[in-house]
Amino acid sequence: MKSESLIEDETLVKENYASKIPTSPLIVDITPQERNILSHVGTLLEQAFKSYENPDYIAALHLHSFQLLPERIARILSRFGTDFSAEQYGAIIFRGLLEVDQDHLGPTPANWQSADYSKLNKYGFICSLLHGAVPSKPVQYYAQRKGGGILHAVIPDEKMAVTQTGSGSKTNLYVHTEDAFLLHQADFLSFLYLRNEERVPSTLYSVRSHGKVNKIMEKLFDPIYQCPKDANYQEEINEGPLASVLYGNKKLPFIRFDAAEQIFNENAGQTPEALYNLTEFWNEAKELINSDYIPDSGDVIFVNNHLCAHGRSAFTAGQREENGKIVPCERRQMLRMMSKTSLIHIRSMTHTDDPYFVMEEHLGKVFDQD
């Protein structure tokens with residue numbers, strides 16, 4: 001039998017999902033008991049498997065997730081994995097999921113290339129368990145850091161401060177679905193905030209916040225839109241295959257969207273019709289962006305990448321305002337993990353020797369594996 005507290009928690013989740021038009025993510029406050037369980041589980045898994053990328057661990061990930069995660073968290077994520085309804089915002093905030101040992105973590109490195117993953121190992125186990133409960137399998141993309149493993153440290157880099165990338169900081173990062181230029185982009189994303197002392201708001205936008213599909217949105221089902229590769233590629237001309245922005249069910253669609261690259265990139269190569277439609281849509285969508293939540297250390301934002309786009313506000317790395325004064329602080333650091341619900345459906349795009357390694361380059365084109 002379920003405990004009374006578990007029944008109350010499930011009722012709360014259903015009530016949050018039952019709003020008419022979702023305008024904000026579900027926030028789940030993690031209890032001290034759940035937090036302690038997760039910490040203990042992470043330690044045990046690290047001792048047993050050494051690395052969160054251990055093939056034996058990943059192969060049995062779903063089993064580990066449902067056996068080891070606190071039941072309430074597993075149930076919430078399992079429901080989230082198949083809820084594409086009109087009431088589903090597409091993002092969940094797990095507030096206070098982890099206690100981050102700031103002393104052990106040490107100073108934030110200058111960039112992601114300098115990250116010490118030995119200090120991040122335990123967090124990789126916990127993040128992967130969340131994906132396993134959806135259930136989905138963590139994957140890596142050659143298009144991102146030539147793979148770089150299934151866990152990515154996202155750190156502001158002074159050399160890339162004004163770019164539309166995770167390493168940027170001094171400009172607003174426009175909301176986008178991750179890897180919008182791929183047909184087989186991640187299904188689910190997790191963002192674990194190790195530290196956010198600059199108090200940078202997280203921005204989220206859900207296609208469900210529009211309510212019913214309107215005339216502006218109907219035009220986005222047409223496959224007439226350029227989906228340029230992201231800013232990491234630095235290509236002069238981004239013209240490539242065309243795709244739709246909305247896809248799937250015509251009444252409850254999924255979305256593939258990157259405002260920075262599709263609208264504000266002068267080299268995107270959009271036709272006048274496509275750019276007009278995108279601009280009309282953006283004028284409506286930007287009013288629905290939610291930037292109310294400022295993540296704290298130990299928070300996780302879990303996202304359905306087909307329903308919800310993400311971004312962040314501009315900030316100055318290593319500084320925050322305190323009592324009207326600008327004071328130095330430790331720089332922001334976040335961990336990102338991506339997953340797919342089916343390895344079978346992406347097999348034509350994955351490395352011959354590694355079905356977890358996605359080799360798609362751009363809208364169905366595959367990187368040369370030779």
Side-chain angles (χ1 to χ4, degrees), residues 84 90 139 141-144 164-165 173-189 205-210 213-286 288 303-311 338-350 358-368:
F84 312 136
V139 293
Y141 287 81
Y142 190 85
Q144 298 229 17
Q164 283 289 310
T165 68
L173 181 62
Y174 286 107
V175 291
H176 60 284
T177 52
E178 194 75 15
D179 294 339
F181 58 94
L182 301 181
L183 292 179
H184 299 276
Q185 71 274 49
D187 295 333
F188 296 94
L189 310 168
Y205 154 75
S206 172
V207 69
R208 295 290 182 263
S209 295
H210 295 265
V213 173
N214 56 38
K215 292 183 178 180
I216 293 174
M217 296 172 69
E218 286 175 354
K219 299 175 182 178
L220 301 185
F221 284 100
D222 296 331
I224 64 171
Y225 303 96
Q226 293 285 348
C227 294
K229 299 177 185 179
D230 67 27
N232 291 314
Y233 284 88
Q234 298 179 344
E235 295 186 351
E236 291 185 3
I237 300 177
N238 274 301
E239 291 186 31
L242 300 175
S244 64
V245 172
L246 299 182
Y247 60 99
N249 188 282
K250 290 294 182 74
K251 293 183 178 180
L252 295 171
F254 293 146
I255 185 169
R256 173 185 294 108
F257 180 62
D258 187 334
E261 297 301 335
Q262 291 183 290
I263 300 175
F264 300 108
N265 180 353
E266 295 179 355
N267 297 318
Q270 304 288 5
T271 65
E273 177 189 5
L275 184 58
Y276 176 82
N277 293 347
L278 286 166
T279 303
E280 287 281 284
F281 172 68
W282 175 244
N283 288 336
E284 183 178 286
K286 66 184 179 182
L288 301 173
V303 175
N304 181 326
N305 194 40
H306 300 280
L307 293 179
C308 188
H310 64 279
M338 298 174 279
S339 65
K340 295 290 291 184
T341 57
S342 172
L343 299 182
I344 293 174
H345 294 156
I346 61 172
R347 185 58 182 138
S348 63
M349 298 285 158
T350 56
V358 184
M359 301 298 296
E360 185 180 5
E361 180 179 2
H362 191 199
L363 293 175
K365 179 184 177 183
V366 179
F367 282 104
D368 186 359

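Bear in mind that the values here come from a model prediction, so they are computed numbers and not experimental data.
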How close do Met217 and Leu246 get, counting heavy atoms only, and between which atoms?
O-CD1, 3.4 Å
Asn277 vs Glu273 side-chain heavy atoms within contact, under 4.5 Å
yes
Ignoring hydrogens, what is the shortest heavy-atom contact between Val175 and Trp282? Give both atom names and the distance.
CG2-CZ3, 3.8 Å
With side-chain contact (heavy atoms from CB on, under 4.5 Å) as the criterion, how do Val213 and Lys251 come out once you've worked through the C-alpha distance, each side chain's angles and the decisive distance to 0.1 Å?
CA-CA 6 Å; Val213 173; Lys251 293 183 178 180; 5.8 Å; no
Can you check whether Ile216 reaches Asn283 side chain to side chain, under 4.5 Å on heavy atoms?
no
Distance alone, cut at 3.5 Å: any donor-acceptor contact between the side chains of Glu284 and Asn214?
yes
Ring pair (Phe, Tyr, Trp, His ring centres under 6.0 Å) between Tyr205 and His210, intermediate numbers included:
CA-CA 10 Å; Tyr205 154 75; His210 295 265; 5.6 Å; yes
Check whether any side-chain N or O of Glu360 sits under 3.5 Å from a backbone N or O of Leu183 as a donor-acceptor pair, and report yes or no.
yes
I need the single residue from Arg256, Gln144, Lys229 that forms a side chain to side chain donor-acceptor pair (under 3.5 Å) with Asp179. Which is it?
Gln144
Any side-chain heavy atom of Thr165 within less than 4.5 Å of one from Asp230?
no
Short question: side chain of Gln164, backbone of Tyr174 - any donor-acceptor pair under 3.5 Å?
yes
Within the structure provided, determine whether Tyr141 and Leu182 are in side-chain contact (heavy-atom separation under 4.5 Å).
yes
Side-chain (Asp187) to main-chain (Thr341) donor-acceptor, under 3.5 angstrom
yes
Testing the basics here: between Phe84 and Arg208, what is the closest heavy-atom pair and its distance to 0.1 Å?
O-NH2, 3.0 Å
Taking His362 for its side chain and Cys227 for its backbone only, find out whether a donor-acceptor pair lies under 3.5 Å.
yes
Ser244 vs Leu220 side-chain heavy atoms within contact, under 4.5 Å
no
Return the minimal non-hydrogen interatomic distance between Pro228 and Ala268, and the atom names on each side.
CG-CB, 3.8 Å
For His176 and Glu261, which I'm curious about, is there any donor-acceptor pair between the side chains at under 3.5 Å?
no
Does some side-chain heavy atom of Leu275 sit less than 4.5 Å from a side-chain heavy atom of Thr271?
no
Is NZ or CZ of Lys250 both nearer than 6.0 Å to the six-membered ring centre of Phe221 and within 45° of the ring axis?
yes
According to the interplanar angle, ranging from 0 to 90°, do the rings of Phe281 and Phe257 count as parallel (below 30°), tilted (30 to 60°) or perpendicular (above 60°)?
perpendicular
Those residues at least two apart in sequence (or on a different chain) that pass salt bridge (charged side-chain N to carboxylate O under 4.0 Å, His left out) with Lys365 are Glu361
Below 4.5 Å, heavy atoms only, C-beta onward: do Leu242 and Gln226 meet side chain to side chain?
yes
Are any non-hydrogen side-chain atoms of Val245 and Ile255 less than 4.5 angstrom apart?
yes
Return yes if some donor-acceptor pair links the side-chain N/O of Tyr142 with the main-chain N/O of Val366 below 3.5 Å, else return no.
no
Main-chain N/O of Gln185 paired to Lys340 side chain as donor or acceptor, under 3.5 Å:
yes
Minimum heavy-atom distance between Ile224 and Ala274, given as atom pair plus value:
O-CB, 3.8 Å
Does Gln270 use its side chain to pair, donor to acceptor, with the backbone of Gln262 at less than 3.5 Å?
yes
To check you understand the geometry: which heavy-atom pair defines the closest contact between Asp258 and Ala180, and what is its length?
CB-CB, 4.1 Å
Atom pair CD/SG of Glu178 and Cys308 - distance to nearest 0.5 Å
12.0 Å
For Asn305 and Thr177, indicate whether the former's side chain and the latter's backbone hold a donor-acceptor pair under 3.5 Å.
no
CZ (Phe264) with more than 12 external heavy atoms under 6.0 Å:
yes
